[in-house]
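Notes follow once the structure below has been shown.
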Amino acid sequence: MVTKLLNILFADMIKSNQILMKLKQREDHELKSEIRNMFQVITHKYAGNIARIIGQGYLITFESPTDSVLCALQIQNRINNWRHQNKNIDIRFRMGLNIGEVGIDQEGGLSGEAVPIAVFVASCCEPGGVCISTATYHAMNKA
């Protein structure tokens with residue numbers, strides 16, 4: 001197992017089951033694909049790594065805390081713009097960020113306190129918002 005100091009972004013879709021159940025199977029697949037693509041493109045732009053997709057939640061790692069915050073803000077902005085174009089589908093994510101030492105196993109699985117803290121920070125967030133831990137704030141390049 002390798003240990004690294006990483007910033008963790010946890011993004012969780014609000015009411016995903018209710019939203020996806022209203023869609024037809026084809027629409028459901030297209031929506032999931034569009035969201036996944038959106039996350040992949042923006043995460044790549046900020047040198048992030050999607051470590052895991054859990055249902056409609058994303059666990060993303062970054063070496064730079066500043067890049068992780070900028071990435072989260074851009075994803076939220078893109079989702080907000082998408083939502084305004086598709087008024088019948090109210091997609092919103094809560095996003096939480098935390099930095100800490102993380103164990104990475106051979107399959108890319110993550111362990112350590114940084115992950116559940118990022119999940120907790122996300123749970124404290126308003127739908128459509130981004131919340132960061134104090135540790136992430138202090139580690140950021142404020143410029």
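Both backbone and side-chain heavy atoms feed into the values below; hydrogens, waters and symmetry mates do not.
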| task | Provide the closest heavy-atom pair for Arg94 versus Pro127 in the form atom of the first, atom of the second, distance. | result | NH2-CG, 3.9 Å
| query | Of all heavy-atom pairs between Ala122 and Gly96, which one has the smallest distance, and what is that distance? | reply | CB-N, 3.4 Å
| note | Contacts of Ser111 meeting side chain to side chain contact (heavy atoms under 4.5 Å, CB included) (sequence neighbours excluded), chain-then-number -> Met1
| said: Can you pull out every ring-ring contact (aromatic ring centres under 6.0 Å, His included) where at least one residue sits in residues 113-136? Sequence neighbours excluded, please. | reply: none
| Minimum heavy-atom distance Ser68-Phe62, with the two atoms named | CB-CD1, 3.3 Å
| task | Quick one: list whatever passes side chain to side chain contact (heavy atoms under 4.5 Å, CB included) with Pro116, sequence neighbours left out. | result | none
| note | Between Arg92 and Gly128 the two heavy atoms that sit nearest each other are CB-N, 4.2 Å
| message | Rounded to the nearest 0.5 Å, what separates atom CD in Gln56 from atom CD1 in Ile35? | response | 6.0 Å
| request: Could you tell me whether the side chain of Thr43 reaches within less than 4.5 Å of the side chain of Ile75, counting heavy atoms only? | output: yes
| field | ILVMFWY cluster membership beyond Ile117 - transitive side-chain contacts under 4.5 angstrom | value | Val121
| note | Applied to residues 44-55, the salt bridge (charged side-chain N to carboxylate O under 4.0 Å, His left out) test, sequence neighbours excluded, yields none
| task | Determine, step by step, whether Ile79 and Gln76 satisfy the side chain to side chain contact (heavy atoms under 4.5 Å, CB included) criterion, reporting the C-alpha distance in whole Å, the side-chain angles of both residues, the deciding distance to 0.1 Å, and the verdict. | result | CA-CA 5 Å; Ile79 290 170; Gln76 288 290 39; 4.3 Å; yes
| Can you pull the salt bridge (charged side-chain N to carboxylate O under 4.0 Å, His left out) pairs that have at least one residue in residues 115-134, sequence neighbours excluded? | none
| query | Are Leu73 and Tyr46 in one and the same hydrophobic cluster, where Ile, Leu, Val, Met, Phe, Trp and Tyr link if side-chain heavy atoms are under 4.5 Å apart? | reply | yes
| query | Can you name the one residue among Thr61, Asp67, Thr136, Thr66 that meets side chain to side chain donor-acceptor pair (under 3.5 Å) with Asn7? | reply | Thr136
| request: Report the residues that fulfil side-chain hydrogen bond (donor to acceptor under 3.5 Å, both in side chains) with Asn80, sequence neighbours left out, ordered by chain and then residue number. | output: Arg83, His84
| task | Please list, chain by chain and in numerical order, all residues satisfying ring pair (Phe, Tyr, Trp, His ring centres under 6.0 Å) with Phe39, sequence neighbours excluded. | result | Tyr58, Phe93
| request: Measure the spacing between CD1 of Ile53 and CD of Gln40 and express it to the nearest 0.5 Å. | output: 6.5 Å
| note | To the nearest 0.5 Å, atom CG of Leu9 lies from atom CG of Asn49 at 11.5 Å
| field | Gap separating the CG atom of Leu97 from the CZ atom of Phe10, nearest 0.5 angstrom | value | 11.5 Å
| said: Working to the nearest 0.5 angstrom, can you tell me the gap between His138 NE2 and Ile132 CD1? | reply: 9.5 Å
| query | With sequence neighbours excluded, what pairs up with Lys4 under the side chain to side chain contact (heavy atoms under 4.5 Å, CB included) test? | reply | Val2, Leu6, Glu63, Ile104
| query | Is Ile99 isolated, or which residues cluster with it under the ILVMFWY side-chain rule of less than 4.5 Å, directly or via members? | reply | Leu5
| said: According to side chain to side chain donor-acceptor pair (under 3.5 Å), does anything in residues 98-109 pair up with another residue at least two apart or in another chain? List the pairs. | reply: Asn98-Ser133
